[in-house]
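Order of the sequence lines sets the chain letters (A, B, ...), proteins ahead of strands, with each chain counted from 1.
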Amino acid sequence: MPELPEVQTIVDDLRRKVVHRKIIDLWTDWPKSIKGITPAILKKRIRDSKILDVKRLGKNILITLDRDRALLIHQKMTGHLMVGRWFLKKTRAGWLVTNPIRGPFKDRVNQYVHVIFSLDNGKMLALSDMRKFARVDFGESKYIFSLPAIRKLGLDALDGHLTPAIFEKIIRTRRKSIKQTLMDPTVVAGIGNIYADDILWSIKVHPARPAYTLDRSEIKKLLISARKILKKAIRLRGTSVGDYRDTSGRPGGYGRELLVYRRTGEPCRRCRTPIQRMVLGQRPAHFCPRCQKL
DNA sequence: CTATAAACCTGCTGGC
DNA sequence: TGCCAGCAGGTTTATA
């Protein structure tokens with residue numbers, strides 16, 4: 001689900017909804033969602049933690065707690081964070097979580113909720129994830145920031161410290177394709193498959209071009225375009241291709257604006273040539289064979 | 001070191 | 001209608 005704009009949307013929601021709240025309980029039916037420690041230990045250690053802040057680190061969500069501790073959540077492909085009131089219900093098949101949010105969810109039971117933090121205002125922060133790839137990590141700030149996922153994170157795509165000159169230096173040393181380079185979180189943080197395709201289409205660069213072949217002006221255009229597209233997607237509250245939803249269960253609006261992503265066979269928005277699909281680094285890449293020459 | 005593949009999971013889609 | 005291969009927003013780990 002989540003790339004930079006989707007994660008930012010979630011973080012903005014969470015700042016309004018859970019900052020200053022206390023976590024009073026923890027429930028999970030998928031212990032693997034929690035890294036490092038058992039759910040029972042996390043439950044004990046997190047009780048009565050006050051939420052001080054919520055931030056985005058690349059595609060990770062950092063929830064800062066009191067007593068110098070923090071939660072780090074990565075939603076991976078199909079993870080969702082939702083805030084609301086749920087009810088646990090025991091059935092023959094196990095625990096089910098009922099979800100009163102109306103709208104995009106097909107029914108009132110969200111069978112994919114696997115972790116729930118109960119808050120002191122009667123609401124719950126729930127992690128729902130159909131594919132169970134999402135992970136929650138907990139510990140002292142020192143521990144969280146020592147995690148490879150954070151330590152090795154490149155500069156954020158929207159971070160002002162990432163200047164055209166620095167971006168050029170990074171891009172020009174990479175031998176991989178420009179698309180795989182853009183999607184590598186240790187190079188630039190936040191760009192995933194959807195936005196990488198749209199960004200490259202917008203500057204007419206073929207996704208398979210080796211990164212080091214881009215010249216200075218192309219790299220500058222790349223950075224400017226990346227920021228423009230990511231900011232537009234944040235304004236529209238993300239892309240809902242598949243099942244992405246915000247913390248209230250509402251879809252994002254960028255899906256209608258997609259430039260090439262998942263438009264295989266459809267006409268290029270510039271020249272009407274049918275969009276092509278190829279595979280790069282095990283991921284699909286979409287491009288216009290006429291606008292984006294190798 | 002690099003490049004590719006597999007692993008982690010479930011549900012949906014399309015072809016036969 | 002039914003089955004099954006292939007595919008999906010991401011990242012880490014294994015293999016060559």
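Going from the P atom of dA14(C) to that of dC9(B) covers 15 Å, rounded to whole Å. Distance noted for atom P between dA6(B) and dA5(C): 16 Å (whole Å). Rounded to a whole angstrom, the distance from the P atom of dT12(C) to that of dG11(B) is 25 Å. Only the P atoms considered, dG9(C) is 16 Å distant from dG14(B), to the nearest whole Å. If you take atom P in dA5(B) and the same atom in dG6(C), they sit 15 Å apart, rounded to whole Å.
Contact annotation: K132(A) side-chain N/O to dC8(B) OP1/OP2 distance is not under 4.0 Å. For dG11(B), one of the phosphate oxygens OP1 or OP2 lies less than 4.0 angstrom from a side-chain nitrogen or oxygen of Y112(A). The phosphate of dC9(B) has OP1 or OP2 within less than 4.0 Å of a side-chain N or O from K32(A). For dT11(C), one of the phosphate oxygens OP1 or OP2 lies less than 4.0 angstrom from a side-chain nitrogen or oxygen of H74(A). The phosphate of dC8(B) has neither OP1 nor OP2 within less than 4.0 Å of any side-chain N or O from K76(A). Of the side-chain N and O atoms in R283(A), one or more sit less than 4.0 angstrom from OP1 or OP2 of dG10(C).
Of the candidate nucleotides dT10(B), dT11(C), dG9(C), dT11(C) has the atom lying nearest to any side-chain atom of P185(A). Nearest to the side chain of Q282(A), among dA5(B), dG9(C), dG11(B), sits dA5(B). Nearest to the side-chain atoms of P284(A) among the listed nucleotides dA8(C), dG10(C), dC9(B) stands dA8(C). Of all nucleotides listed (dC9(B), dG10(C), dA8(C)), dA8(C) comes nearest to the side chain of R262(A). With dG9(C), dG10(C), dC9(B) as the choices, the nucleotide that has an atom nearest any side-chain atom of Y244(A) turns out to be dG9(C). Comparing atom distances between the T78(A) side chain and each of dA3(B), dG9(C), dC9(B) picks out dG9(C) as nearest.
Between M183(A) and R283(A) there is a side-chain heavy-atom pair separated by less than 4.5 Å.
Classification of E257(A) and R235(A) as a salt-bridged pair fails, no side-chain N sitting under 4.0 Å from a carboxylate O. One finds a salt bridge joining D13(A) and R237(A) here, because a Lys/Arg side-chain nitrogen approaches an Asp/Glu carboxylate oxygen to under 4.0 Å.
Distance, D129(A) CG to dC9(B) P: 11 Å, rounded to whole Å. The distance from atom CG of L280(A) to atom C1' of dT4(B) is 12 Å, rounded to the nearest whole Å. A straight line from CG of L127(A) to P of dG10(C) spans 16 Å, rounded to a whole angstrom. Per the geometry, NE2 belonging to H114(A) stands 12 Å off C1' belonging to dG11(B), to the nearest Å. With rounding to whole Å, R174(A) atom CZ is found 8 Å from dT2(B) atom P. If you take NZ of K179(A) and P of dG10(C), they are 9 Å apart, rounded to a whole angstrom. Look at CG on D197(A): it is 12 Å from C1' on dG9(C), rounded to the nearest Å. At whole-Å resolution of the value, CG in N60(A) and C1' in dT12(C) are 13 Å apart.
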TODO: Apply the test side chain to side chain contact (heavy atoms under 4.5 Å, CB included) to residues E218(A) and R209(A): give CA-CA distance (whole Å), side-chain angles for both, the deciding distance (0.1 Å), then the verdict.
DONE: CA-CA 12 Å; E218(A) 286 176 317; R209(A) 253 180 74 186; 2.9 Å; yes
Task: Test side chain to side chain contact (heavy atoms under 4.5 Å, CB included) applied to T78(A) and Y112(A), step by step - done: CA-CA 10 Å; T78(A) 50; Y112(A) 304 122; over 6 Å; no
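When heavy atoms are screened at a 4.0 angstrom cut-off, P148(A) is found touching no nucleic acid atom at all.
Across all strands shown, the partner of dC4(C) is dG14(B), judged by Watson-Crick or G-U wobble contacts whose two distances both fall under 3.5 Å.
Ring geometry for Y261(A) against H286(A) counts as perpendicular: the plane angle is over 60°, on a 0 to 90° scale with 30° as the lower cut.
The nearest heavy atom of DNA chain B to R135(A) and to Q180(A) marks one nucleotide each, and the one closer to the 5' end goes with Q180(A).
Aromatic stacking is not marked for F133(A) over dT11(C), as the cut-offs of 5.5 Å for the centres and 30° for the planes do not both hold.
Judged by distance alone, the side chain of R21(A) and the main-chain N or O of K17(A) form no donor-acceptor pair under 3.5 Å.
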